[in-house]
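Note: hydrogens, waters and symmetry copies are ignored here, and every other heavy atom, side chains too, is used. Counting starts at 1 for both ligands and their atoms, following the listed order.
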Amino acid sequence: MVIHPSFPNSPYMQLIKTIKDMQAFGRRLKAERKSLGFVPTMGALHEGHLSLARRSIDENDFTVVSIFVNPAQFGPNEDFKKYPRDTEGDLQKLSPFKVDAVFLPDAAEMYTAGFSTSINIGNIGTILCGASRPGHFNGVATVVAKLFNAVTPDRAYFGQKDFQQTVVINKLARELNFATDIIVCPTVREPDGLAMSSRNTYLNSEERKAALILYKALKLGEELIISNGMVNAVLIKEELRMLIHTEPLAVIDYVEIVAADLGEVEKIKLPVAICLAVKLGKTRLIDNIIVDRFQRKS
Ligand code: AMP
């Protein structure tokens, strides 16, 4: 366990690289009856990640942020190799906050030689993003289980931005009896509405402009349901598809309306989530909005 030399003024932030040290950190806090909040990330941090860290700092005595680009959740033809990595920049971004430790395991620490265990999260991992990313959510569930066992948090913070992931993690925590509360935090957006994402850095300027179509489609869906009172999900999805098709650079992966448990919705019964995956060039972006009568969340 080391205090990062670049942050002599940050009395807080320890860098922890091994599971053993991470578990020892958690044990010490438990002995002192201190609560521990945890923010798992793949790095290339932006305001979305930092909002989770802030919430954890507000709600817990101690906060750990992990940075680990998890190979097990990338398919063979996906962007694992080119996924943005900037550990020094990430640590700089975290240093103004009262983050107590950053857990930075390497792949060999997380997946020891001969590693073969995998959690199968079931059908909810095969729909929506799981349909075009086979194995992705099993990889997510497996790494989150390992991270929870390493960090032993009281609370863990996830973004609504990855709505399906939040459903997967809630199921994982419930069904495998993790003593960790799962807290879902609102999506943080750029001023024009684009959901922040580490993958936005892949977009060229034309694609960046075109990417706005995701948020426009979500807002149209919300309006059709709330203001126009449309209840036929098939027709709503068709309207959204038509809008997205007006953007020549956008290629739809899916447009879906689902219930809180990801169940298919035919007739709108609030709350529902409108979920989108759209490709712009080589970059696949996802976004969603939860539509509820009293509480509109982005
Ligand atoms: P990632 O580094 O992309 O794996 O994301 C780590 C965590 O940050 C996940 O719980 C994401 O849902 C969350 N996150 C990513 N983007 C945003 C955003 N724009 N707003 C809120 N949370 C986010």
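Apart from Tyr202 itself, the hydrophobic cluster it occupies contains Met42, Val69, Phe74, Phe80, Tyr83, where clustering links Ile, Leu, Val, Met, Phe, Trp and Tyr at side-chain heavy-atom distances under 4.5 Å. Val184 belongs to no hydrophobic cluster with other residues, because no ILVMFWY side-chain heavy atom falls under 4.5 Å from its own, directly or through intermediates.
Salt bridge annotation for Lys279-Glu207: absent, with no cationic side-chain nitrogen under 4.0 angstrom from a carboxylate oxygen.
Side chains of Gln160 and Asn288: a donor-acceptor N/O pair is present below 3.5 angstrom, by distance only. Between the side chains of Arg155 and Asn60, at least one donor N or O lies within less than 3.5 Å of an accepting N or O.
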Using residues 136-148 as the side-chain source, report each donor-acceptor pair under 3.5 Å to any protein atom, sequence neighbours left out, with the distance given to one decimal.
| from | atom 1 | to | atom 2 | distance (Å) |
| --- | --- | --- | --- | --- |
| His136 | ND1 | Gln73 | O | 2.8 |
| Asn138 | OD1 | Ile121 | N | 2.9 |
| Thr142 | OG1 | Ile119 | N | 2.9 |
| Thr142 | OG1 | Asn138 | O | 2.7 |
| Lys146 | NZ | Met110 | O | 2.9 |

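Within 4.0 Å of ligand 1, contacts by protein heavy atoms are made from Pro40, Thr41, Met42, His46, Gly48, His49, Leu52, Tyr83, Phe158, Gly159, Lys161, Asp162, Gln165, Pro186, Thr187, Val188, Met196.
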